[in-house]
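As structure tokens, the structure follows; a few thoughts come after it.
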Amino acid sequence: MNIFVASLDYGMTNEDLQDLFEDYGSVSSAKIIFDKFTGRSKGFGFVEMDDNQEADNAIEELNESEVNGRKIVVKKARPKDAAW
DNA sequence: TTTGAGCGT
């Protein structure tokens with residue numbers, strides 16, 4: 001299950017993102033998208049979880065939750081190649 | 001090489 005996470009704090013790191021979701025289930029990988037020039041976070045990222053039910057639970061629990069004083073957005077990620 | 005909606009260096 002690929003998960004899209006947005007509205008993250010610019011100081012957020014991959015470890016912070018993974019640690020957030022690991023609290024709700026097993027995280028396969030977590031990645032913040034960093035800008036090429038600034039080297040800073042773009043404010044969003046992706047989390048991959050092996051267990052779909054844990055992923056869905058994490059989405060509902062972490063969506064619109066407060067992280068680092070910021071209200072984050074957690075949704076199912078869209079495939080880059082095809083539509084739903 | 002930007003600061004707040006969005007879908008990947």
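A, B, ... follow the sequence lines: proteins, then strands. Residue 1 opens every chain. Scope of the values below: all heavy atoms of this structure, side chains included, with no hydrogens, waters or symmetry mates.
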Cluster link A:Val27 to A:Val74, ILVMFWY, side chain under 4.5 Å: yes

Rounded distance (Å) that lies between atom P of B:dG8 and atom CG of A:Leu17: 16 Å

Sequence neighbours excluded, every pair satisfying ring pair (Phe, Tyr, Trp, His ring centres under 6.0 Å) that has a member inside residues 8-32 of chain A: none

Of the residues in residues 19-43 of chain A, which ones touch DNA chain B at a heavy-atom distance under 4.0 Å? A:Lys31, A:Ile33, A:Phe37, A:Thr38, A:Lys42, A:Gly43

Hydrophobic cluster identity match, A:Ile72 and A:Leu17, side-chain contacts under 4.5 Å: yes

Which residues in residues 3-15 of chain A have at least one heavy atom lying under 4.0 Å from any atom of DNA chain B? A:Phe4, A:Ala6, A:Ser7, A:Leu8, A:Tyr10

Is there a chain of hydrophobic side chains (I, L, V, M, F, W, Y, each step under 4.5 Å between heavy atoms) that links A:Leu62 to A:Phe44? no

Roughly how far, to the nearest 0.5 Å, is the CD atom of A:Glu22 from the CD atom of A:Glu15? 10.0 Å

Please give, in whole Å, the distance from B:dA5 P to A:Arg78 CZ? 16 Å

Which ring pair (Phe, Tyr, Trp, His ring centres under 6.0 Å) pairs, counting each pair once, include a residue from residues 46-71 of chain A, with sequence neighbours left out? A:Phe4-A:Phe46

Side chains of A:Val5 and A:Val73: does their closest heavy-atom pair fall under 4.5 Å? no

Listed in order of residue number, which residues of residues 44-52 of chain A have a non-hydrogen atom at under 4.0 Å from DNA chain B? A:Phe44, A:Phe46

Joint cluster assignment, A:Leu20 & A:Met49, ILVMFWY side-chain distance < 4.5 Å: yes

Not counting sequence neighbours, which residues clear side-chain contact (heavy atoms from CB on, under 4.5 Å) with A:Glu48? List them please. A:Asn2, A:Ser28, A:Ser29

With heavy-atom distances below 4.5 Å as the criterion, would you say the side chains of A:Val67 and A:Met12 are in contact? yes

